[in-house]
Amino acid sequence: MTIYRRLHRRFGPRHWWPAETPFEVVVGAVLTQNTAWTNVERAIANLKQARALTPERLLTAPLTQIARWIRPAGYFNLKARRLWAVVAWWRANPPRVTRRRPLLPLRQELLDVYGVGPETADSILLYALGRPSFVVDAYTKRIFARHGWVRREAGYDEIQQTFTRALPARAPLYNEYHALLVELGKHFCRPHQPNCQACPLRDLGTLRLEPGAR
DNA sequence: AGCCAGGACTGAG
DNA sequence: CTCAGTCATGGC
């Protein structure tokens, strides 16, 4: 039994990302940085109510106004600037054109945008553009470190390669895999909540990532 | 009352 | 290059 099968049997399909449009994914990816998703929902609701959830409105609005809209998401002054930068990139690089470009140069270009780190870049690539770029977040690292499947001092790229080395590069698989790991993390892998005894992955032993193998 | 949440940037060593 | 400090709201 592999990790993927165990998680999918336990939680079922997650239907990520929770957004109505790819652009909303991009906005959410920035707003959720180190922030609870419930707070992001309020910020996005504010943007929708103000009819400001479009590149045009966000790029012409003053940063102070953007900050007021996204206030519930925290770090609002910081994120107002990051949001502006990412939205500017999105408008200059529409999905129709971006979809045809090689993945790694595209990823590097996203990383060069202010406020876009590895997780945000991969989230945009995977969930807004449907590209096979595996997302590693705090839950992913904590889960795998606790099980001894990655080194505790491992960085983002090292953990990501653990997945991409073993998995077929398919966006639907990466999509579901990351969403399942987040769901597992929320219930069983909090920092100071060692109820790892109830973790569905408890008795898996050595690392088996691949979706199909038994 | 703290601790935490689907991080990333900056400056110092 | 590694790493503490910084950013900020809302839930539990």
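Predicted, not measured: the structure shown is a model, and the values here were computed from it. Within every chain, numbering begins at 1; the chains are lettered A, B, ... in the order of the sequence lines, protein sequences first and strands thereafter.
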Please assess A:Arg6 against A:Ile3 for the test side chain to side chain contact (heavy atoms under 4.5 Å, CB included), listing each intermediate value before the final yes or no. CA-CA 5 Å; A:Arg6 185 69 60 95; A:Ile3 295 169; 5.8 Å; no
Provide, to the nearest angstrom, the distance between the [atom1] atom belonging to [X] and the [atom2] atom belonging to [N].
{"X": "A:Leu78", "N": "C:dT6", "atom1": "CG", "atom2": "C1'", "result": "9 Å"}
{"X": "A:His192", "N": "B:dA5", "atom1": "NE2", "atom2": "C1'", "result": "15 Å"}
{"X": "A:Ile70", "N": "C:dG10", "atom1": "CD1", "atom2": "P", "result": "13 Å"}
{"X": "A:Tyr114", "N": "B:dG7", "atom1": "OH", "atom2": "P", "result": "17 Å"}
{"X": "A:Arg190", "N": "B:dC4", "atom1": "CZ", "atom2": "C1'", "result": "8 Å"}
{"X": "A:Asn39", "N": "B:dC3", "atom1": "CG", "atom2": "P", "result": "19 Å"}
{"X": "A:Lys141", "N": "B:dC4", "atom1": "NZ", "atom2": "C1'", "result": "17 Å"}
{"X": "A:Arg71", "N": "C:dC7", "atom1": "CZ", "atom2": "P", "result": "16 Å"}

I'd like to know if A:Lys48 pairs up with A:Glu24 as an ion pair, taking the criterion as any Lys NZ or Arg NE/NH1/NH2 lying under 4.0 Å from an Asp or Glu carboxylate oxygen. yes
Determine the contact category for [X]: base if any of its heavy atoms lies under 4.0 Å from a base atom, sugar-phosphate if only primed atoms, P, OP1 or OP2 are that close, otherwise nothing.
{"X": "A:Arg142", "value": "sugar-phosphate"}
{"X": "A:Thr140", "value": "nothing"}
{"X": "A:Val116", "value": "sugar-phosphate"}
{"X": "A:Ala138", "value": "sugar-phosphate"}
{"X": "A:Gly117", "value": "sugar-phosphate"}

Could you verify whether a donor N or O on one side chain and an acceptor N or O on the other, from [X] and [Y], lie under 3.5 Å apart?
{"X": "A:Asp157", "Y": "A:Gln161", "value": "no"}
{"X": "A:Trp89", "Y": "A:Glu109", "value": "yes"}
{"X": "A:Asp122", "Y": "A:Tyr156", "value": "yes"}

Do the side-chain N or O atoms of [X] get closer than 4.0 angstrom to the phosphate oxygens (OP1, OP2) of [N]?
{"X": "A:Arg68", "N": "C:dA8", "value": "no"}
{"X": "A:Asn77", "N": "C:dA8", "value": "yes"}
{"X": "A:Arg42", "N": "C:dG11", "value": "yes"}

Which of the following nucleotides, [options], is nearest to the side chain of [X]?
{"X": "A:Pro191", "options": "B:dC4, B:dA8, C:dT9", "result": "B:dC4"}
{"X": "A:Phe76", "options": "B:dA5, C:dT9, B:dG7", "result": "C:dT9"}
{"X": "A:Tyr75", "options": "B:dG7, C:dA8, C:dG10", "result": "C:dA8"}

5'-most contact on DNA chain B: A:Gly115 or A:Thr32, nearest heavy atom basis? A:Thr32
Select from A:Asp137 and A:Leu111 the residue whose nearest nucleotide in DNA chain B is closer to the 5' end of that strand. A:Asp137
B:dC4 and C:dA4: how far apart are their P atoms, nearest whole angstrom? 16 Å
Is the ring pair A:Phe134/A:Tyr174 parallel, tilted or perpendicular, if the boundaries are 30 and 60 degrees? perpendicular
A:Thr38 or A:Lys79, whichever maps to the more 5' nucleotide of DNA chain C: A:Lys79
